[in-house]
Amino acid sequence: MENNPRSSRTDRKTIERNRRNQMKALYSTLNSIVPHQRPMEATSLPDQLDEATKYIKRLQTNLERMKERKERLMGIEKPDAAAATSSSGNSSGTITTGLRSPQIEIHEMGSALEVVLTTGLDFQFMFIETIRLLHEEGVEIVNASFNVVEDTIFHTIHSKIGDSGSDHDASARISERLKKFGQDASAF
C-alpha cells in the first residue's frame with residue numbers, strides 16, 4: 001500500500017464536499033416543508049433552523065391540545081382532571097360538570113322494543129353504537145328522537161323486532177347485548 005498524502009487529502013476534500021452538499025440538500029428540504037412567516041430572501045441557515053424548530057414545537061403543542069380535546073369530547077378524562085371536574089366550580093369561577101355514566105333502559109312490549117339511552121354530553125357516540133347494534137340484530141328502527149336537558153341527553157329509540165315466533169328470544173338477546181354495551185361504556 002502506498003501512502004500518498006496528496007491522494008488522501010483529495011479524498012478527504014471530496015468526502016467533506018459530499019457531506020456539505022448532502023447537508024445543503026437536507027436543509028433545503030426542511031426549509032421547503034416549513035411554512036414561512038416572512039419571505040426567505042436572505043435568511044441565514046441558523047435562522048432557518050430556528051424557525052423550523054419553533055414550527056415543530058407549535059405542531060407538538062397543537063397535537064397535545066387536540067388530543068386533550070378529543071379525550072374531552074369522547075368523555076375520557078385523566079384522573080387528576082376528573083377530581084377537579086367533580087365539583088360544581090373551579091378557581092376561575094366557571095362551572096364544570098363531571099362525567100355522567102350512561103344508562104340504558106330497555107322496555108319490551110311484544111315485538112316492539114323501546115330503548116331509552118341517557119348520557120352526558122360526553123357520551124354522544126353511544127347513540128350511534130346503539131343504533132348499529134340494533135341493526136346488527138336485524139331490528140327495524142321505527143323512530144328515534146332525543147331531548148337535551150342541561151348536560152344530559154335522553155335518546156329514545158322505538159324499534160320492531162322481526163315477525164318470527166321467537167320474538168321473545170330475540171328480544172332477550174338484544175336486551176342482554178344492550179345492557180352489556182351500557183356496562184362496558186360506563187367503564188370508561
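When a residue number appears, it is its place in the shown sequence, counting from 1.
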Report the C-alpha separation of Glu71 and Lys67 in whole Å, then their side-chain angles, then the decisive distance to 0.1 Å, and conclude whether the salt bridge (Lys or Arg N to Asp or Glu O under 4.0 Å) test is met.
CA-CA 6 Å; Glu71 289 173 354; Lys67 281 181 182 178; over 6 Å; no

What do the steps show when you test Gln60 against Ile56 for side chain to side chain contact (heavy atoms under 4.5 Å, CB included), and what is the final call?
CA-CA 6 Å; Gln60 288 173 331; Ile56 291 169; 4.3 Å; yes

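By the side chain to side chain donor-acceptor pair (under 3.5 Å) test, Asp50 pairs with Lys54, sequence neighbours left out.
Between Glu16 and Lys13 there is no salt bridge, since no side-chain N of the basic residue sits under 4.0 Å from a carboxylate O of the acidic one. Ion pair Arg132/Glu136 flagged as a salt bridge, since at least one NZ, NE, NH1 or NH2 atom sits closer than 4.0 Å to an Asp/Glu carboxylate oxygen.
Contact between Ser32 and Thr29 at its shortest, heavy atoms only, is OG-O, 2.7 Å. Across all their heavy atoms, Leu178 and Leu133 have their closest contact at CD2-CD2, 3.7 Å. The minimum heavy-atom distance between Val139 and Lys160, with the atom names listed, is CG1-O, 3.6 Å.
Considering CG of Asn31 and CD of Gln48, their distance stands at 4.0 Å, rounded to 0.5 Å. Remark: Ser159 OG to Ile106 CD1 distance equals 10.0 Å, nearest 0.5 Å. Rounded to the nearest 0.5 Å, atoms CD1 (Ile174) and CD (Glu108) are 9.0 Å apart. Taken from CG in Asn147 to OG1 in Thr156, the straight-line distance is 7.0 Å, to the nearest 0.5 Å. For the atom pair CG of Leu113 and NE2 of His158, the computed distance is 10.5 Å after rounding to the nearest 0.5 Å. Here Arg58 contributes atom CZ and Thr53 contributes atom OG1; the two are 11.0 Å apart, rounded to the nearest 0.5 Å.
When side chains are defined from C-beta on, His135 counts as touching Ile141, because their heavy atoms get closer than 4.5 Å. Side-chain contact between Leu117 and Ile157: absent, with no pair of heavy atoms (C-beta onward) separated by less than 4.5 Å.
Side-chain atoms of Thr61 come within 3.5 Å of backbone N or O of Lys57 as a donor-acceptor pair.
Taking Ile, Leu, Val, Met, Phe, Trp and Tyr as hydrophobic and joining them when side-chain heavy atoms fall under 4.5 Å apart, one finds Val149 in a cluster with Phe154. Side-chain heavy-atom separations under 4.5 angstrom define the hydrophobic clusters, and the remaining members of the one that includes Leu30 are Met23, Leu26, Tyr27, Val34, Leu45, Leu49, Tyr55, Leu59.
The aromatic rings of Phe127 and His155 sit parallel to each other, their planes meeting at less than 30°, with 60° as the upper class boundary.
Other residues, nucleotides and ligands place more than 12 heavy atoms under 6.0 Å from the CE atom of Met109.
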